[in-house]
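Step one of this worksheet: look at the structure below.
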Amino acid sequence: MQPIGKLPPQDWMTFTETVKVMEAIMAEGNVARFVGGCVRDAILNRPITDVDIATNEPPTQVVRLLETAGIQVVPFGLDHGSVLAVQPNMTFHITTLRADLETYGRHALVNYIDDWQQDAIRRDFTMNALYADLDGKLYDPVDGLKDIKAGVVKFIGDPLERIHEDYLRILRYFRFQAYYAQEPPAKEYLEACRLTAQHLRKLSGERVWYELKRILQADKPYSAIKNMDEYGILSEIFSSPTQIKHLPNLIKLELKIGAPRCAVRRLASFFDGNVTAVQQIRQDLPVSTNELSHLIKLTKLLHDEPDLSSPYQNYKILYEHGTGIYQDFILLNAAYDEQNNLEQGLKYLQEWTSPTLPIRGQDLLDHGISSGPKMGRTIQEVTDWWLDHACKPNREQCLQWLRNRNLVGFN
């Protein structure tokens, strides 16, 4: 296989850690080349987050060579030709060239080979099957360079065959559409995803949520999400009905105010205030405790529809949930109804200083109100009054308001 050119200079290729790992693998005349995302993103001048390396050396020998060079090795996928080389500031995923003899789910019976062309054709997309050596020479066995430059996400060979080898490739296809595509998806590929979508339920929830979250975090995910909805992918992921009609408005408003991309905020727009569906979402996806709490809070607010023309309601949400939930909610609320005054909500957000209610339970005890339901009701009453006055009344003003209410013990 002959090189077709060279990568632009890459800092990550000259790091001490990178050179040490590559030279360790090549120490006995072996070949090692960078492959996949790091090569693709280097061509596109995008940040490099993961470095994958392919080599013709069997995995047990890779482990020996790395350990001889004093590099920590984690043989996490040794049976499938993969090891991790762990350096102080970087981790490298190293895989032996292979041909998949038999695939089942995300696993495969593999045969180690010394054929770079054959290794390339068992990969998923043409843009992921380019290789580069330590000098930057670029190898393109499946003509992926033109697809990278054209923004075309193309399966290698038969899409159904590629998907049946690994059903996660359905979600990976839509993720790559969200991040790299400049052209609409091929109908053939969308149809292949539709025909195999039922197999998504065979995958671990962790892998499905990981891919879906990354799709939702894209700058412009709507086109990919729309195709996922129309071709039956979302209905295989979620047991409750979803609707995505508010997502374009939400993305537009996020861009308008410079809000960071948030998968949970965008996911909340799928459920239209359906609290029951969100409370049961862990039946479908293993969202974290924090993600679930965030999602439930937003969904309950959407369901309750607080009157945001009321200063009290805005202060109440800010006080009870904090600025993060408040910002997400006013964005969602405006996405649902463009007549809502987002600018006023942003003004409340900018002016908010996270104040603390200036009286405590001890103040009520000192004035003769014993702990229990009455104290709870009293604290809530004074909190509501304080919020209705923009959280400005001080301790004495709060106590005076309680006295004026003729509460027992205030005389």
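A donor-acceptor pair shorter than 3.5 Å can be found between the side chains of Lys202 and His199. In this structure, a donor-acceptor pair under 3.5 Å is present between the side chains of Tyr180 and Arg40. Counted by atom type alone, Asp147 and Thr126 present one or more donor-acceptor pairs between their side chains at under 3.5 Å.
Between Val74 and Thr91, every side-chain heavy-atom pair lies at or beyond the 4.5 Å cut-off. Put simply, the side chain of Ile94 reaches to within 4.5 Å of the side chain of Val21, judged on heavy atoms. In this structure, Asp384 and Asp388 have side chains that are not in contact, with every pair of non-hydrogen atoms separated by 4.5 Å or more. Within the 4.5 Å cutoff, no side-chain heavy atoms of Met13 are placed close to those of Met22.
Atom CD1 of Ile170 sits about 7.5 Å away from atom CG of Leu203, to the nearest 0.5 Å. Taking CG from Leu402 and CG from Leu364, the interatomic distance works out to 6.5 Å, rounded to the nearest 0.5 Å. The line from SG of Cys391 to NZ of Lys316 is 12.0 Å long, rounded to the nearest 0.5 Å. With rounding to the nearest 0.5 Å, the separation of OH in Tyr131 from CE in Met1 is 6.5 Å. Rounding to the nearest 0.5 Å gives a distance of 10.0 Å between CD1 of Ile113 and CZ of Arg98.
Remark: the backbone N or O of Ile325 is not paired with any side-chain donor or acceptor of Gln327 at under 3.5 angstrom. Side-chain atoms of Arg282 come within 3.5 Å of backbone atoms of Val287 as a donor-acceptor pair (strictly under, hydrogens ignored). Between the Thr378 side chain and the Lys374 main chain, a donor and an acceptor come within less than 3.5 Å of each other. A donor-acceptor pair under 3.5 Å links the side-chain atoms of Gln397 to the main chain of Asn394, judged by distance alone. Formation of a donor-acceptor pair under 3.5 Å by the Asp41 side chain with backbone atoms of Ile48 is not found in this model. Put simply, the side chain of Asp135 never gets that close to the backbone of Lys137: no donor and acceptor are under 3.5 Å apart. Looking only at distances, no side-chain donor or acceptor of Asp304 sits under 3.5 Å from a matching main-chain atom of Pro306. Between the side chain of Asn314 and the backbone N or O of Leu308, at least one donor-acceptor pair lies under 3.5 Å. Gln217 places no side-chain N or O within donor-acceptor distance of the main-chain N or O of Ala263, the cut-off being under 3.5 Å. For the pair Tyr167 (side chain) and Thr196 (backbone), a donor-acceptor distance under 3.5 Å is absent.
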Phe270 and Ile281: side chain to side chain contact (heavy atoms under 4.5 Å, CB included), yes or no, with the steps? CA-CA 12 Å; Phe270 286 19; Ile281 196 170; over 6 Å; no
Report the C-alpha separation of Gln344 and Lys347 in whole Å, then their side-chain angles, then the decisive distance to 0.1 Å, and conclude whether the side chain to side chain contact (heavy atoms under 4.5 Å, CB included) test is met. CA-CA 5 Å; Gln344 182 60 50; Lys347 184 178 179 182; 4.0 Å; yes
Working note: Trp401 + Trp386, criterion side chain to side chain contact (heavy atoms under 4.5 Å, CB included); need CA distance, chi angles, decisive distance, verdict. CA-CA 10 Å; Trp401 180 82; Trp386 178 69; over 6 Å; no
Full working for ring-ring contact (aromatic ring centres under 6.0 Å, His included) between Tyr326 and Trp352: CA-CA 11 Å; Tyr326 178 80; Trp352 185 251; 8.3 Å; no
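Pro241 is linked by a side-chain contact (heavy atoms from CB on, under 4.5 Å) to nothing, counting only residues two or more places apart in sequence or in another chain. Scored by the side-chain contact (heavy atoms from CB on, under 4.5 Å) test, Ala132 finds Leu7, Val39, Leu138 as partners (sequence neighbours excluded). In this structure, the side-chain contact (heavy atoms from CB on, under 4.5 Å) partners of Ser269, at least two apart in sequence or on a different chain, are Leu247, Leu250, Leu332. Residues forming a ring pair (Phe, Tyr, Trp, His ring centres under 6.0 Å) with Phe174 (at least two apart in sequence, or on another chain): none. The side chain to side chain donor-acceptor pair (under 3.5 Å) check on Asn274 picks up nothing, with sequence neighbours excluded. By the ring pair (Phe, Tyr, Trp, His ring centres under 6.0 Å) test, Tyr139 pairs with no residue at all, sequence neighbours left out. A search for side chain to side chain donor-acceptor pair (under 3.5 Å) contacts involving Trp209 returns Glu291, not counting sequence neighbours. For the side-chain contact (heavy atoms from CB on, under 4.5 Å) test, no residue two or more places apart in sequence or in another chain qualifies with Gln350.
Residue pairs meeting the ring pair (Phe, Tyr, Trp, His ring centres under 6.0 Å) criterion with at least one partner in residues 143-163, sequence neighbours excluded, are Phe125-Phe155, Phe155-Tyr173, Phe155-Tyr189. For residues 244-260, the side-chain hydrogen bond (donor to acceptor under 3.5 Å, both in side chains) pairs, not counting sequence neighbours, are Asn249-Glu338, Glu254-Arg265, Glu254-Arg266, Lys256-Glu343. Note on residues 63-78: pairs passing side-chain hydrogen bond (donor to acceptor under 3.5 Å, both in side chains), not counting sequence neighbours, are Glu28-Arg64, Gln61-Arg64.
Taking the charged nitrogens against the carboxylate oxygens, Arg214 and Glu211 have no contact shorter than 4.0 Å, which rules out a salt bridge. Between Arg123 and Asp119 there is a salt bridge, since a side-chain N of the basic residue sits under 4.0 Å from a carboxylate O of the acidic one.
Just one residue in the list Arg172, Arg175, Arg162 forms a salt bridge (Lys or Arg N to Asp or Glu O under 4.0 Å) with Asp124, and that residue is Arg172.
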Extract all donor-acceptor atom pairs below 3.5 Å that involve side chains of residues 222-234 and protein atoms in other chains or at least two apart in sequence.
| residue | atom | partner | partner atom | Å |
| --- | --- | --- | --- | --- |
| Lys226 | NZ | Glu230 | OE2 | 2.6 |
| Asn227 | ND2 | Ser223 | O | 3.2 |

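In Asn45, the CG atom is not crowded: 12 or fewer heavy atoms of neighbouring residues, nucleotides or ligands sit closer than 6.0 Å.
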